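Worksheet for the structure shown next.
Source: prediction; values computed, not measured.
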Amino acid sequence: MWLYAALLVLAWALGWLLRDRRRLRRLDDKHVLVTGCDSGFGRALARRLAQRGFRVLAACRTAEAAAALQREAAEGPGAGHLRTTLLDVTRPESVRQAAAWVRAHVGDKGLFGLVNNAGVAQPIGPTEWMAPDDYRRVLAVNTLGVIEVTLALLPLLKRARGRIVNTSSVLGRLSANGGGYCLSKYCVEAFSDSLRWVPCPVCPLLCPPHRELMAMPTGRRDMRHFGVKVSIVEPGFFKTAATDLGSIEASLWQLWERLAPDTRLSYGEDFLHK
């Protein structure tokens, strides 16, 4: 029994090792779109991918950030491998224009990779301090933006048998505060799961009930059928604009100042100083 278990663990470890050692033979013909490249993870990833040899399509929300990134990428390793465009993931017309721009660059080869990285965090705080619009603003970027960009680019991803990487968060597993951020990341996790195909966790080979379920159009986890891989990245508390303690504190004070007097009294006037 123990020998059988040890062999299974060894086979599993060897499988992971072999998979991690796999490398792409050629990178300079593969296009990757990264959203949210104004700062933080998106900007760093765009530069790193270009330096590695990928053809990077970097989407920024502001013209200033796009121009600065284009200047930086024009020098040193990866020069000429990065192009920028403007994208506001909350505006359907902006998404359509960006998708057309991507289509013009990738041509018949399709899009090798999509990294949905654009996101916002504020406001966060006690749930009672929130207004419905606070949730809508965060969900519009972190959830609906991911969905809309992905849907617009799926035909190109299918053509290249590419991959989708959605930036979630450790707070997509554990809700640690009020506001729209944790909710939005839970949604990103669910959307990603619905795109990919996951085998039965109980039986490695699908048992009859699961075979029947997976035979249904709603059970095929649709992108596996086209060879498109879907991954989730769950960063912790890294130093980015979204986790800047100064902006978080300023946001909390703004929420506090707009509370009704009775609500503030229930918390105590020195609540934020504790």
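- A side chain to side chain donor-acceptor pair (under 3.5 Å) check over residues 226-237, counting only residues at least two apart or in different chains, returns the pairs Arg173-Glu234.
- In this structure, CG on Leu49 lies 13.0 Å from NZ on Lys30, to the nearest 0.5 angstrom.
- Between Gly180 and Leu139 the shortest heavy-atom distance is O-CD2, 4.4 Å.
- Transitive grouping of hydrophobic side chains (ILVMFWY, heavy atoms separated by less than 4.5 Å) brings Tyr135 and Ile248 into a common cluster.
- Residues that satisfy the salt bridge (Lys or Arg N to Asp or Glu O under 4.0 Å) test with Arg55, not counting sequence neighbours, are absent from this structure.
- Residues forming a side-chain contact (heavy atoms from CB on, under 4.5 Å) with Pro126 (at least two apart in sequence, or on another chain): Trp129, Leu252, Tyr267.
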Give every donor-acceptor pair under 3.5 Å between a side-chain atom in residues 98-114 and any protein atom, sequence neighbours left out.
unit_1, atom_1, unit_2, atom_2, d
His105, ND1, Trp101, O, 3.0

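- Across every non-hydrogen atom of Gly179 and Leu183, the tightest pair is O-CD1, 3.6 Å.
- With sequence neighbours left out, the side chain to side chain donor-acceptor pair (under 3.5 Å) criterion links Thr62 to Asp38.
- A 4.5 Å side-chain heavy-atom check between Asp88 and Val95 finds every atom pair outside the cut-off.
- A heavy-atom distance below 4.5 Å is not found between the side chains of Ser251 and Ile124.
- Note that the CG atom of Leu171 and the NZ atom of Lys185 stand 9.5 Å from one another [nearest 0.5 Å].
- When the side chain to side chain donor-acceptor pair (under 3.5 Å) test is applied to Glu93, the partners found at least two apart in sequence or on another chain are Arg96, Gln97.
- When all heavy atoms of Ala46 and Leu82 are compared, the closest pair comes out as O-CD1, 3.7 Å.
- Ala118 and Thr35 get closest at one heavy-atom pair: N-OG1, 3.0 Å.
- More than 12 non-hydrogen atoms from other residues, nucleotides or ligands lie less than 6.0 angstrom from CD of Gln70.
- Under the rule for a salt bridge (Lys or Arg N to Asp or Glu O under 4.0 Å), the partners of Arg43 that lie at least two apart in sequence or sit in another chain are Glu72.
- For the pair Lys158 and Phe226, the cation sits on the ring face: its NZ or CZ lies under 6.0 Å from the ring centre, inside 45° of the axis.
- Sorted by first and then second residue, the salt bridge (charged side-chain N to carboxylate O under 4.0 Å, His left out) pairs with a member in residues 125-134 read Asp133-Arg136, Asp134-Arg137, Asp134-Arg258; sequence neighbours excluded.
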**side-chain contact (heavy atoms from CB on, under 4.5 Å) between Tyr186 and Ser168, worked out** = CA-CA 8 Å; Tyr186 270 75; Ser168 178; over 6 Å; no
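- Among residue pairs with one or both ends in residues 149-170, none qualify as ring-ring contact (aromatic ring centres under 6.0 Å, His included); sequence neighbours excluded.
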**Prompt:** Are Leu57 and Val32 close enough, and set up right, to give a side-chain contact (heavy atoms from CB on, under 4.5 Å), and what steps lead you there?
**Reply:** CA-CA 6 Å; Leu57 307 175; Val32 179; over 6 Å; no
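- In this structure, Cys182 and Ser175 approach most closely via the heavy-atom pair CB-OG, 3.4 Å.
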Under 3.5 Å, which donor-acceptor pairs link side chains of residues 141-157 to any protein atom two or more places apart or in another chain?
unit_1, atom_1, unit_2, atom_2, d
Asn142, OD1, Val120, N, 2.8
Asn142, ND2, Val120, O, 2.7
Asn142, ND2, Ser184, OG, 3.1
Thr143, OG1, Ser184, O, 3.1
Thr150, OG1, Asn116, ND2, 2.9
Thr150, OG1, Val146, O, 2.7

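- Val89 is not connected to Leu86 by any chain of hydrophobic side-chain contacts under 4.5 Å among Ile, Leu, Val, Met, Phe, Trp and Tyr, and they are in different clusters.
- Partners of Arg91 according to the side chain to side chain donor-acceptor pair (under 3.5 Å) rule, which considers only residues two or more places apart in sequence or in another chain, do not exist here.
- Taking the side chain as every heavy atom from C-beta outward, His81 and Phe54 never approach each other to under 4.5 Å.
- Listed by chain and number, the residues in a side chain to side chain donor-acceptor pair (under 3.5 Å) with Arg61 amount to none (sequence neighbours excluded).
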**Request:** May I have the step-by-step check of side-chain contact (heavy atoms from CB on, under 4.5 Å) for Ile232 and Glu189, ending in yes or no?
**Result:** CA-CA 7 Å; Ile232 302 171; Glu189 301 260 341; 3.8 Å; yes
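- Side-chain N or O atoms of Arg224 include none that pairs as donor or acceptor with a backbone N or O of Arg196 at under 3.5 Å.
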**Message:** Please determine whether side chain to side chain donor-acceptor pair (under 3.5 Å) holds for the pair Ser192 and Asn166, giving the CA-CA distance in whole Å, both sets of side-chain angles, and the decisive distance to 0.1 Å.
**Reply:** CA-CA 7 Å; Ser192 302; Asn166 291 329; 2.8 Å; yes
**Item:** Candidate pair Leu69 and Cys60, rule side-chain contact (heavy atoms from CB on, under 4.5 Å), full reasoning
**Value:** CA-CA 9 Å; Leu69 178 57; Cys60 299; 4.2 Å; yes
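- Annotation: side chain of Gln254 is not in contact with side chain of Pro123 (no heavy-atom distance under 4.5 Å).
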